[in-house]
*Asks:* 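Take this structure, written in structure tokens, and hold onto it; I'll ask about it next.
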Amino acid sequence: MALERKYDAIVVGGGHNGLVAASYLARAGKKVVLLEAEDELGGATTSVRPFPEFDARLSRYSYLVSLLPDQIVAELGINFKTLERSIASYTPYSKKSDGSDGGLLISQNWDERTAQNFQELTGSSAEGLAWQGFYGEIAELAKRIAPSMLQPLKTEKALREEIALPQTWKYLMERPIGEVIRERFSDDLVRGVVLTDGLIGTFVSADDLQANRCFLYHLIGNGTGQWRVPQGGMGALVTELKRVAIASGVEILLNSRVAEIDNDAEGVFVKTVSGETFTARDLLFAGAPQTLAQIRGEIKPQSLEGSQMKINMLLSRLPRLKSGIDPKLAFAGTFHVNESYAQLESAYRSAKSGVMPKVLPLEMYCHTLTDPTILSPELNAKSYQTLTLFGLHTPAALFDKSPDEIKSAAKRAAIESLNQYLLDPIESVLAVCQDGSLAIEAKSPLDLENDIGLPRGNIFHRDLDFPFIDTSGTDLTWGSETNDKHIYLAGAGARRGGGVSGIAGHNAAMAVLAND
Ligand SMILES: Cc1cc2nc3c(=O)[nH]c(=O)nc-3n(C[C@H](O)[C@H](O)[C@H](O)COP(=O)(O)OP(=O)(O)OC[C@H]3O[C@@H](n4cnc5c(N)ncnc54)[C@H](O)[C@@H]3O)c2cc1C
């Protein structure tokens with residue numbers, strides 16, 4: 001008969017949030033076991049060599065960091081750095097005057113070149129000024145709201161009063177962000193660049209308040225909202241979190257998929273697929289809430305489905321652009337394609353009606369321009385580069401009928417979209433594997449469900465919430481609590497989870513300690 005093992009806390013799921021939660025508890029003196037279903041840790045934060053013959057370690061799923069608070073890094077002693085990108089974004093476009101290619105290049109910090117780029121696109125300085133005003137207001141809100149993410153939840157009224165920026169609060173939390181963008185900006189391309197932050201990982205129209213939630217999470221991270229490149233790739237974060245967890249005394253068991261969770265007034269009982277059993281006072285579930293509901297035989301929480309394509313590429317060199325801009329500048333930040341406001345809304349309407357958008361909105365990132373360490377010295381010497389593509393408005397439902405065929409078609413559409421701006425078609429600069437195949441891999445929302453258990457490919461596990469509660473008198477104090485006294489949500493699907501932040505893990509651990 002299998003031996004039942006006893007702990008103070010069982011953490012289910014070894015993504016970055018599970019590792020954070022386990023480490024905090026172990027450092028508080030708890031006896032902790034972490035059960036991970038797969039044979040490796042990391043979940044959506046892994047680095048891999050997708051093309052094994054090339055020593056290029058790509059962040060296979062998540063790729064940029066903004067939401068991880070310095071406080072967690074410092075408290076856990078994580079030796080992990082993120083690097084600033086010199087360029088915020090580049091958006092190629094066809095000039096209205098003669099149809100030739102231009103581009104909107106926006107530096108990380110406002111400068112003369114950025115001002116000129118806005119002037120060139122719109123013919124006046126007004127849009128550039130609107131941009132500075134809008135993001136200046138949001139930067140102030142980010143600074144004030146970020147610390148609250150690691151505190152017990154406040155009511156909307158309490159947080160609004162604490163932030164004390166009533167105008168900014170109103171347009172970010174109460175009015176549809178699409179309406180606000182249309183009011184504050186007049187150029188379709190500029191509007192689209194702003195809107196993308198409301199749509200990454202969220203399949204809605206610009207006028208749905210869900211886009212506001214997504215927008216907020218993309219702009220308040222760590223008090224700056226800046227998206228930075230993880231040095232050494234996302235896998236470097238996992239390696240460090242694993243080191244810290246083990247040093248803190250966490251017992252980590254891989255290949256331990258939890259299949260049963262029961263509880264009574266005293267605590268919890270867990271059984272894995274292979275029949276191992278564990279008991280503890282508390283259980284922190286760091287997979288998706290939908291998975292927890294399935295294991296418990298409960299109704300799954302409703303959520304939007306995932307709607308993105310992720311394409312990873314290894315290039316033998318960067319492609320030249322038709323606009324003539326140096327590709328090292330164009331690809332240093334976020335490279336937007338087909339992401340004008342009108343194109344985003346049109347793609348949404350098409351996908352919503354069940355048809356894959358003909359003009360696929362997407363954005364791309366070349367991490368090696370900021371962090372060459374993810375390539376071997378040999379590949380660096382040969383000027384190889386990586387490229388990550390994130391395609392929007394490709395919801396899981398569009399792939400159901402014929403997953404592989406539709407994924408191939410979407411991949412082709414993404415490549416065609418990109419190629420319209422390139423002098424060298426992307427296929428001509430992709431590294432070639434020994435078997436003659438090109439170094440490119442694509443992941444649909446269905447792949448994300450199959451490979452790493454994201455429900456219908458939702459990158460945040462479930463819909464994001466505003467970081468406050470609507471009414472007082474609720475039992476939710478950290479956003480981690482469930483109906484069962486000894487079971488907590490510690491993954492991205494907890495309130496204020498979502499993204500690579502560790503916030504859900506931290507808050508679940510605090511909730512457990514508060515109930516000691
Ligand atoms: C393509 C893609 C791109 C993204 N890009 C970014 C980005 O650039 N920046 C950003 O901040 N966020 C990004 N995200 C979102 C972010 O990666 C996730 O929200 C976050 O990593 C979730 O972390 P987590 O630890 O909560 O859960 P996960 O990483 O999902 O980990 C959950 C873990 O639980 C395990 N598990 C599940 N069920 C069980 C079970 N029954 N028993 C045992 N173990 C179980 C899983 O195997 C997994 O290891 C992206 C996500 C995707 C998919």
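One-based numbering, in listed order, for ligands and for the atoms of each.
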*Asks:* Run the side-chain hydrogen bond (donor to acceptor under 3.5 Å, both in side chains) test against Ser107 and tell me which residues pass, sequence neighbours left out.
*Replies:* Asp111, Arg113, Thr114

*Asks:* Are any of the N/O atoms on Tyr63, whether in the backbone or the side chain, positioned under 3.5 angstrom from an N/O atom of ligand 1?
*Replies:* yes

*Asks:* Using a strict 4.0 Å threshold on nitrogen-to-oxygen distance, state whether Asp55 and Arg49 make a salt bridge.
*Replies:* yes

*Asks:* Among residues at least two apart in sequence or on other chains, which ones pass side-chain contact (heavy atoms from CB on, under 4.5 Å) with Ala414?
*Replies:* Ile311, Leu360, Leu362, Leu389

*Asks:* Work out whether the distance between some heavy atom of Val65 and some atom of ligand 1 is less than 4.0 Å.
*Replies:* no

*Asks:* Has ligand 1 got any nitrogen or oxygen that is less than 3.5 angstrom from a nitrogen or oxygen of Ala44?
*Replies:* yes

*Asks:* Should Ser256 be listed as contacting ligand 1, given a heavy-atom distance under 4.0 Å as the test?
*Replies:* yes

*Asks:* Should the pair Asp451-Lys443 be classified as a salt bridge under the 4.0 Å nitrogen-to-oxygen rule?
*Replies:* yes

*Asks:* State whether Arg60 and Glu441 are salt-bridged, where the test is any N-O pair (Lys NZ or Arg NE/NH1/NH2 against Asp/Glu carboxylate O) under 4.0 Å.
*Replies:* yes

*Asks:* Should Arg257 be counted as touching ligand 1, given the test is an N or O pair under 3.5 Å?
*Replies:* no

*Asks:* Any idea which of Ala504, Ala37, Gly42, Ser62 brings a heavy atom closest to atom 43 (C) of ligand 1?
*Replies:* Ala37

*Asks:* Does any N or O atom in Ala492 lie less than 3.5 angstrom from one in ligand 1, N or O only?
*Replies:* yes

